[in-house]
There are 2 protein chains.
Amino acid sequence: MYVTSPLNYLNAEPVNPANLFAEAADTRSHISSADAGHTLFCEGDDADFVYEVLEGVVRTSKVLCDGRRQVLSFAYPGDIVGLSHDQFYHSDCDAVSAVKIRVYRKNAYNASYRDDPGLCDQFLRYATAEVSNMQDHFMMLGRKSAVEKVASFLLVLLDRVGEKRNCQTCFDLPMSRSDIADFLGLTIETISRTLTRLRKDNIIELPDPHRVCVCNINGLRALAESAD
Amino acid sequence: MYVTSPLNYLNAEPVNPANLFAEAADTRSHISSADAGHTLFCEGDDADFVYEVLEGVVRTSKVLCDGRRQVLSFAYPGDIVGLSHDQFYHSDCDAVSAVKIRVYRKNAYNASYRDDPGLCDQFLRYATAEVSNMQDHFMMLGRKSAVEKVASFLLVLLDRVGEKRNCQTCFDLPMSRSDIADFLGLTIETISRTLTRLRKDNIIELPDPHRVCVCNINGLRALAESAD
DNA sequence: CGTCTATTTGAGTTAGCTCAACCGTCGTGG
DNA sequence: CCACGACGGTTGAGCTAACTCAAATAGACG
């Protein structure tokens, strides 16, 4: 039922992020590129910019002092990262793959939506949708088994970026096993074992470690909703 | 470091919810009471109302088809529940104790903030702060041990509703062990065992199952940050 | 070709779960 | 007034899903 677990909690369907800043794009933003591994911002930095992913994937995460990490989201093209309720970022943000991003100055942005109730309204819907998606992820982190988590994760990617070919739907998995583990609250070994299990059960194929082809989507859905 | 885990993701300090609807209060809202156990709304219901808790505690939660439940938040006085990005509620909401609530008609509310950029701005800060708090809870659900979860939970309640007396700080625990378990992604037995462990270690006292007195707050903080 | 890193696989351990018993409180009804 | 059942909480015993530690494998890259 609550299979949907967001890649990024900002990817609300009712809002088209490409339009969000459309009119402001020329004057108040610029487009930038970054290689995989590049850090966009760190927790505690001044939140001067808001980023819209245009190509590639970025990751937001938090780290405990002892090194434990929680990945909060994978942001795909159309997603926005770097929003904050105060002047500081509250997570780290790094490029998972080579990325192209649009960078907005936050001041300019703030100025614009104060004068624009329509934009404000859109943004509110965006934020509340993000909250709703995060709540689904709570269920995932708090109450689902390893198989359910991995299956749910693959289903979200499939819906979001899957390319249909013949009877399979395929997509890239640009993030590492470690990223997936820290997103789902598991270990890399459990991710790896679970993926192999899905492969051996003919639910998915893994042409290489960073590419997934789903051959039995109903099987995957069944696993996502209740592990056997 | 990231001990803070929100009771309710709407309890952002920078916004004073009492002021949020202040001017609209007389015409667009009314005050209502409900007994413990009363359901304010269910997932999927039309989201016609927004609720502000005035007294008591309400709980928002989601349930999987097989009965597994995740408690999303405990909303204390000053907190707001029932916000939605579309026309439906996305969680269940019930009174944990006897509550007094202010009920806002959503239509009226929507109408008001479209015309009120200041309110919209406040509300945006509120929503993004909620997101930030939820991200902390992700760390809790995904990466913390049982002891760390319980200790963190108690610390949040202590900060929020603790009454200082002598060298102790005490507060009520109006929700059931089951509620706490479903909030922290644990079982009632683990909650119970962990609380008794804290009691035996002289970190807390439990005058009765629904009342906590923290006698060693530094010990509790240490446990919240890294379990031994 | 050697080194480095990411992933997979194996083996043993354990934190937290399940199942079950027990206890105390409270409300109901004889 | 007491007996009784229901319910929430606690405690015990054993189990298991996921973890830890360790080793093997496979690419990527100089």
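Note on naming: letters A, B, ... go to the chains in the order of the sequence lines (proteins, then strands), and numbering restarts at 1 for each one.
Taking the nucleotide of DNA chain C with the nearest heavy atom to each of A:R143 and A:E189, the more 5' of the two is matched to A:E189. Between A:I191 and B:S176, the residue anchored closer to the 5' end of DNA chain D is B:S176, taking for each the nucleotide with the nearest heavy atom.
In this structure, B:T187 reaches the C:dC17 phosphate: one of its side-chain N or O atoms is under 4.0 Å from OP1 or OP2. Taking side-chain N and O atoms only, B:T190 has no distance below 4.0 Å to OP1 or OP2 of C:dG16. Within the structure, a side-chain polar atom (N or O) of A:T196 is placed less than 4.0 Å from OP1 or OP2 of C:dT9.
Checked against C:dA11, C:dG16, C:dT8, the side chain of A:R177 finds its nearest nucleotide in C:dT8.
If you walk DNA chain D from 5' to 3' and mark each nucleotide with an atom closer than 4.0 Å to a heavy atom of chain B, the marks span D:dG9 to D:dA13.
A:F49 and A:F41 have their aromatic ring centers separated by at least 6.0 angstrom.
C:dA6 atom P lies 9 Å from atom NE2 of A:H210, rounded to whole Å. Computed from coordinates, the A:M175 CE to C:dT7 P distance equals 11 Å when rounded to whole Å. Between the CD1 atom of A:I204 and the C1' atom of C:dT8 there is a distance of 14 Å, given to the nearest Å. The distance between atom CD1 of B:I188 and atom P of C:dC17, rounded to the nearest whole Å, is 11 Å. We find that CZ of B:R193 is positioned 12 Å from C1' of C:dA21, with the value rounded to whole Å. Protein atom CG of B:L184 is 12 Å distant from nucleotide atom P of C:dG16, rounded to whole Å. Rounded to an integer number of Å, the gap from A:K144 NZ to C:dC17 P is 18 Å. Per the geometry, CG belonging to A:L198 stands 15 Å off C1' belonging to C:dT8, to the nearest Å.
With values rounded to the nearest 0.5 angstrom, B:D94 atom CG is found 9.5 Å from B:T60 atom OG1. Summarising the geometry, atom CZ belonging to B:F88 is positioned 10.0 Å from atom CG belonging to B:D48; distances are rounded to the nearest 0.5 Å.
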Donor-acceptor list for residues 198-209 of chain B side chains, cut-off 3.5 Å, not counting sequence neighbours:
residue : atom : partner : partner atom : Å
B:E205  : OE1  : B:Q168  : NE2          : 3.3
B:E205  : OE2  : B:Q168  : NE2          : 3.1
B:D208  : OD1  : B:H210  : N            : 2.8

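For the pair A:D79 and A:R160, the salt-bridge criterion is met [side-chain N within less than 4.0 Å of a carboxylate O]. Under 4.0 Å is where a charged nitrogen must lie from a carboxylate oxygen, and between B:R211 and B:E163 at least one such pair does.
Here the closest heavy-atom approach between residue B:V71 and residue B:F183 is recorded as O-CD1, 3.3 Å.
Among the protein residues, B:L186 comes within range of the sugar-phosphate backbone only, with heavy atoms under 4.0 Å from sugar or phosphate atoms but none that close to a base.
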